[in-house]
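Here is the structure we will look at, set down as C-alpha cells.
Position 1 is the first residue of the sequence, and the numbers go up from there. This is a predicted model, so every value here is computed, not measured.
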Amino acid sequence: SATQSAVVAFARQQLGKPYVYGAGGPNAFDCSGFTSYVYSHFGYQLNRVSGAQAADGRSVSKADLAPGDILLFSRKPGGPIGHVAIYMGGGQLIHASNSHKKIITKGLNGSYFSKNYKGARRILINRERPGKQIKYIESGDTPGLFLCPALQAEFQSVMDCILIFHFHWAKHESDGL
C-alpha cells in the first residue's frame with residue numbers, strides 16, 4: 001500500500017520533467033496529469049482535471065495537511081479551482097508549473113499559493129499505525145452492509161468508512177481482504 005513518504009518520493013522522481021498542457025505522463029505533465037500519474041502509480045484513480053480532483057478523497061484542513069495531500073488552487077483570487085499540487089510536508093509542495101514549464105517544488109506560503117489556496121484533499125488511508133488491524137463486521141441496522149470500525153476514526157462519517165472499505169475491498173480483493 002502507498003505511504004505518504006512513498007507518494008512524495010515518487011513525485012520527486014518527476015522533478016524537472018516538462019510541463020505540457022493536457023499531458024498525463026510519464027515524460028511530460030500538466031498539473032492534474034501529474035497528480036493523477038503519481039497516484040495511479042500506487043493504484044489510485046483520481047479525476048483527470050484539477051476542478052474534479054476537489055471531489056477525490058476527503059477534505060482536510062490546511063492546519064492538518066500531511067505529505068501526499070492534494071492541494072487545490074484557483075488561477076486568480078476568488079476564482080474556481082484551476083491548479084493542483086501535492087503537499088510534501090514542511091510547508092513545501094511539488095507541482096507541474098505552467099510558468100516554469102516543468103515539475104518543481106515551491107513553498108506553500110508563497111504569494112501565488114497563499115492568495116489562491118482553495119483547500120486540500122486526502123487520498124491516502126493511514127494504515128501505518130503499529131498493531132492496527134482491519135476488522136469488518138456486519139451492521140445490525142442494515143443487514144449486508146459492512147462497516148470497518150478499525151478505520152472509522154479516520155473518516156468524518158461512517159459513510160466515508162463504508163465507501164473506503166468498498167474501494168479498498170474491490171481494489172485488493174485478490175489480496176484476501
Side-chain angles (χ1 to χ4, degrees), residues 1-26 28-128 151 154-157 159-161 163-164 167-168 171:
S1 66
T3 63
Q4 295 169 338
S5 58
V7 168
V8 171
F10 186 72
R12 289 183 63 81
Q13 290 176 18
Q14 314 315 310
L15 279 169
K17 290 187 178 178
Y19 175 95
V20 174
Y21 180 79
F29 304 94
D30 67 8
C31 67
S32 57
F34 172 65
T35 55
S36 294
Y37 178 78
V38 168
Y39 271 96
S40 72
H41 179 77
F42 297 99
Y44 293 87
Q45 183 175 351
L46 301 185
N47 286 304
R48 178 53 184 88
V49 296
S50 56
Q53 286 185 4
D56 291 328
R58 69 175 176 92
S59 180
V60 61
S61 72
K62 195 172 187 179
D64 291 326
L65 288 175
D69 288 344
I70 301 291
L71 303 173
L72 310 166
F73 302 95
S74 59
R75 293 199 179 279
K76 59 183 180 178
I81 294 167
H83 187 65
V84 290
I86 296 174
Y87 187 65
M88 297 171 47
Q92 298 293 303
L93 59 89
I94 185 168
H95 71 124
S97 172
N98 185 14
S99 61
H100 290 89
K101 301 294 184 200
K102 62 184 177 181
I103 304 293
I104 62 170
T105 62
K106 283 282 191 180
L108 179 56
N109 293 325
S111 177
Y112 169 84
F113 297 108
S114 61
K115 288 179 188 173
N116 297 294
Y117 182 83
K118 300 289 275 187
R121 306 297 292 183
R122 176 135 323 137
I123 308 302
L124 297 176
I125 301 168
N126 185 356
R127 291 190 210 100
E128 298 176 346
L151 291 177
E154 298 288 327
F155 304 101
Q156 296 174 358
S157 72
M159 184 56 74
D160 288 341
C161 186
L163 291 173
I164 294 299
F167 171 78
H168 180 75
K171 183 174 168 300

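- Minimum heavy-atom separation, Lys101 to Asn98: NZ-OD1, 2.9 Å.
- Residue Arg58 holds its CZ atom at 10.5 Å from CG of Leu124, rounded to the nearest 0.5 Å.
- For Asn109 against Ser114, the heavy-atom pair with the smallest separation is O-OG, 3.9 Å.
- The shortest side-chain heavy-atom distance between Gln53 and Arg121 does not fall under the 4.5 Å cut-off.
- Interatomic distance, CZ of Phe29 versus OH of Tyr19, reported as 12.5 Å (0.5 Å rounding).
- Within a 6.0 Å sphere centred on NZ of Lys17, heavy atoms belonging to other residues, nucleotides or ligands number more than 12.
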Checklist entry - For Ile103 and His95, what are the C-alpha separation, side-chain angles and deciding distance, and is it a side chain to side chain contact (heavy atoms under 4.5 Å, CB included)? => result CA-CA 5 Å; Ile103 304 293; His95 71 124; over 6 Å; no

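- Nearest heavy-atom pair across Asp64 and Asp69 is O-OD2, 4.2 Å.
- Between His100 and Lys106 there is a side-chain heavy-atom pair separated by less than 4.5 Å.
- Within the 4.5 Å cutoff, the side chain of Ile70 has heavy atoms near those of the Leu46 side chain.
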Item to check | From CA spacing to verdict: side chain to side chain contact (heavy atoms under 4.5 Å, CB included), Leu65, Leu108 | outcome: CA-CA 11 Å; Leu65 288 175; Leu108 179 56; 3.6 Å; yes

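- Scanning both residues, Phe34 and Ile94, for their nearest heavy atoms gives CE2-O, 3.8 Å.
- The structure places CG of Asn116 at 8.0 Å from OG of Ser111, a figure rounded to the nearest 0.5 Å.
- A 6.0 Å sphere centred on NZ of Lys102 holds no more than 12 heavy atoms belonging to other residues, nucleotides or ligands.
- Contact of the Ile81 side chain with the Ser74 side chain is not registered, since no non-hydrogen atoms from C-beta on lie closer than 4.5 Å.
- Ala66 and Tyr87 make their closest contact through O-CD2, 3.4 Å (heavy atoms, listed as atom of the first residue, atom of the second, distance).
- For the pair Lys62 and Tyr117, the cation-pi test (distance below 6.0 Å, angle within 45°) is passed.
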Item to check | Derivation and outcome, side chain to side chain contact (heavy atoms under 4.5 Å, CB included), residues Ser36 and Arg48 | outcome: CA-CA 6 Å; Ser36 294; Arg48 178 53 184 88; 4.3 Å; yes

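- Across all their heavy atoms, Leu93 and Ala85 have their closest contact at CD1-CB, 3.9 Å.
- Note that CG of Leu71 is 12.5 Å distant from OG of Ser50, once rounded to the nearest 0.5 Å.
- Ring orientation note: the planes of Phe73 and His83 are tilted relative to one another, at an angle of 30° to 60°.
- In this structure a side-chain-to-backbone donor-acceptor pair under 3.5 Å is present from Arg75 to Gly82.
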